[in-house]
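Report on the following structure.
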Amino acid sequence: MLQRPHLYGRIASRLLYRHQHQCLERRDICPLVCLQFYQIPSYFSSARKCFSSMIQPTCISFLTDVEGDGSYFDRFVRHSKVLDFRQITPYFGRYGKDGRIHGYDSACSGVKWNMGEWEEDFFPYDKEVIFLEDTNEDGESCNNSMLVYGGDIWDKGGSDLYVLRQLLSLHRRYPNRVHFLMGNRDINKMRIVDELGIGSIHDQNESLPNHGGVYWLRNAVCSGMTADPDSIVPRDSAAERLKWMLRKTMGSIDAFELRRKELERERVAIVNGTAVSTFNDGDQANGNATVTDDEVAQSYIRSCNPVSGIMSQYLTKAKLTIRFGSALFLHGALPFVRNTSNNMQSLELPTPWAHQTDGGKKAGYNSLTNWINASNDFASDKVKAWKRYHGYLLENSTSAPPCDVWAAEGGYFNNTPGGTLFGALMQYGMGTLPNRSKTQSCVYNSWMHDGLPREDMFGSDDSMRELSEFFKREGIEIILTGHQPVGDLPWPIEISPNGEGRKLWILPCDTSFSGDTCWTSLDGFDSIESESLGRGSLNGGRGEKTFSEPLIDQNADSVKIHGCLSDGTYYEMSNIMDANEEDLQIGRKLGQIKFNDNESGGTKEGIFWVKGMVGENKLVSYGKGFNVWNAYIKS
């Protein structure tokens with residue numbers, strides 16, 4: 001087969017000509033169908049060239065880990081080469097200017113507000129995201145660019161509702177061009193209904209589910225023992241329990257108060273008939289805009305309602321993995337395990353949510369395509385079951401027995417009501433199992449360890465060759481991910497063995513701690529001094545200037561990154577797929593190097609990696625934990 005690529009070219013030509021003709025009759029291009037063709041491995045070059053000559057490659061923009069940072073979201077869109085904003089008139093749907101038309105009746109004020117329900121006619125902003133118009137070489141509109149959002153949409157930036165409504169609105173208008181991934185911070189919101197219930201503000205405090213603590217806080221107990229105060233679950237009100245959940249079990253220390261401020265901004269806008277301010281920029285809440293603790297809790301309950309909440313809308317549309325041609329997108333990392341059979345060792349992808357086989361072997365797949373289908377089916381089934389749980393709660397409003405929430409015991413095969421229906425997906429989104437072992441999860445696994453690319457995967461030629469062989473076998477050329485912060489610039493990791501064919505890449509892209517990046521100089525190198533602008537005055541961790549946008553064409557022939565670094569330097573990196581030795585080892589180790597640590601005033605030593613070229617200089621980085629040090633060195 002591999003000796004007859006011209007045959008594939010002729011077959012592809014006939015099929016694609018027919019498909020293109022049909023699409024043009026409808027005056028559109030079907031990018032999803034086109035992208036599926038690119039699952040043919042890259043060595044069928046004749047077919048690839050034939051296809052590329054007929055249809056303009058799709059450009060895919062990758063955005064991930066916004067975590068409610070509205071300022072970063074706006075900055076990304078305004079600088080994007082794929083997206084932009086369009087000015088609109090805010091619309092308030094059934095809530096109206098005076099806040100007295102239907103809807104939610106606050107026990108405190110008597111005013112009616114949207115509390116996080118998904119309503120298409122409620123969009124209280126003066127701008128909406130659009131796609132920039134695409135044109136082909138003849139100047140004709142082809143409109144086939146895409147956005148993949150990589151997960152983790154809430155928790156830290158103070159504009160959770162704004163960011164999610166913008167993405168859902170874009171998806172509603174462009175359903176075939178906007179694609180969502182599940183992150184751990186998205187999946188864990190399924191816990192809200194399990195641990196707070198679905199009661200209204202008038203009855204939620206009387207109908208709180210009994211809660212025995214969470215399994216990952218090992219000192220939490222169901223009864224009869226003295227517990228760590230941090231592990232004692234509040235039982236007096238939904239608001240106090242939610243505060244505990246966010247601060248102690250979800251890593252969202254400020255989320256409760258940030259949601260209060262966002263709700264206040266929305267109420268000011270509704271009362272005044274003006275657009276909601278995106279950011280916490282000093283708006284003073286008036287008497288009609290005050291938001292109580294109970295109302296913040298109700299906002300989480302409503303926005304995470306499995307049927308009507310905006311988080312439900314996101315999870316319903318999201319997947320665990322997305323593949324377009326030779327590019328793969330997921331939140332974390334592929335959870336490889338090594339399978340040895342018939343004296344042959346190969347990488348396998350596990351399905352820990354499935355029961356063991358009769359022979360005692362855990363289920364898994366050697367085929368990436370089969371595993372993608374299985375994992376996405378699993379996630380979809382559990383989200384549907386989560387929706388059914390809403391009906392279960394309506395039918396069973398009486399108090400449940402102690403320890404009746406999934407989080408108390410965890411696990412894939414949990415016997416609590418929520419655990420039986422959708423607990424397996426919540427477990428898949430966690431970092432550890434009840435026995436303290438790591439979860440084999442593409443949501444929580446990472447390509448990084450302690451701030452650097454993993455040694456067990458990228459530390460030897462043998463491990464890199466094993467990984468590159470998997471890429472080649474499955475027709476993958478680049479994997480883009482989020483989940484773990486990597487500084488102010490995505491961290492390219494080149495995995496193809498030296499000089500062996502087309503370059504293969506892994507690209508972690510979570511830049512949520514950009515504002516904490518340190519700049520340094522390296523011993524023995526001609527370094528250029530620079531300084532971080534820091535986090536600034538905004539809630540998020542990225543600061544006021546930074547952004548990064550990876551852009552991938554549909555067959556991964558081009559992968560480019562542009563953005564702004566933490567020192568305020570704007571950059572446009574050339575296509576990493578064309579990188580060669582003259583590009584100074586992009587995606588490779590530079591070596592163990594001493595550097596100046598300005599914070600401590602001393603000297604440290606660490607392994608620096610080459611991230612790319614910024615102008616005429618090489619940008620190199622070293623990471624330790626969540627700390628990243630950057631340096632410019634002259635090439």
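- By the 4.0 Å N-to-carboxylate-O rule, D69 lies too far from K156 to be salt-bridged with it.
- Remark: D74 engages K127 in a salt bridge, criterion side-chain N to carboxylate O under 4.0 Å.
- Under the rule for a side chain to side chain contact (heavy atoms under 4.5 Å, CB included), the partners of N627 that lie at least two apart in sequence or sit in another chain are W629.
- For E544 and R75, the salt-bridge test fails: no basic side-chain N is under 4.0 Å from an acidic carboxylate O.
- Only one option out of F547, F73, F85 pairs with H79 in a ring-ring contact (aromatic ring centres under 6.0 Å, His included); it is F547.
- Classification of E119 and R94 as a salt-bridged pair holds, one side-chain N sitting under 4.0 Å from a carboxylate O.
- Taking the side chain to side chain donor-acceptor pair (under 3.5 Å) definition, one finds that E67 meets it with nothing, sequence neighbours left out.
- A salt bridge does not link E266 to K261: none of the charged side-chain nitrogens sits closer than 4.0 Å to a carboxylate oxygen.
- Between W447 and F458, the two ring planes are tilted [angle within 30° to 60°].
- Taking the charged nitrogens against the carboxylate oxygens, R78 and D84 have no contact shorter than 4.0 Å, which rules out a salt bridge.
- A 6.0 Å sphere centred on CD1 of I253 holds no more than 12 heavy atoms belonging to other residues, nucleotides or ligands.
- Both the sub-6.0 Å distance and the 45° axial angle are satisfied by R542 relative to the ring of Y72.
- Annotation: cation-pi pair R165/F123 absent, no NZ/CZ under 6.0 Å from the ring centroid and within 45° of its normal.
- Taking the centre of each ring, F595 and Y622 come in below the 6.0 Å mark.
- In this structure, Q87 places its CD atom where more than 12 heavy-atom neighbours from other residues, nucleotides or ligands lie under 6.0 Å away.
- The side-chain tip of R259 points at the ring of W154 from less than 6.0 angstrom away and within 45° of straight on.
- Screening D160, D65, D155 for a salt bridge (Lys or Arg N to Asp or Glu O under 4.0 Å) involving R185 leaves a single residue, D155.
- A cation-pi geometry, defined here as NZ or CZ lying under 6.0 Å from the six-membered ring centre and within 45° of its normal, does not hold between R267 and Y95.
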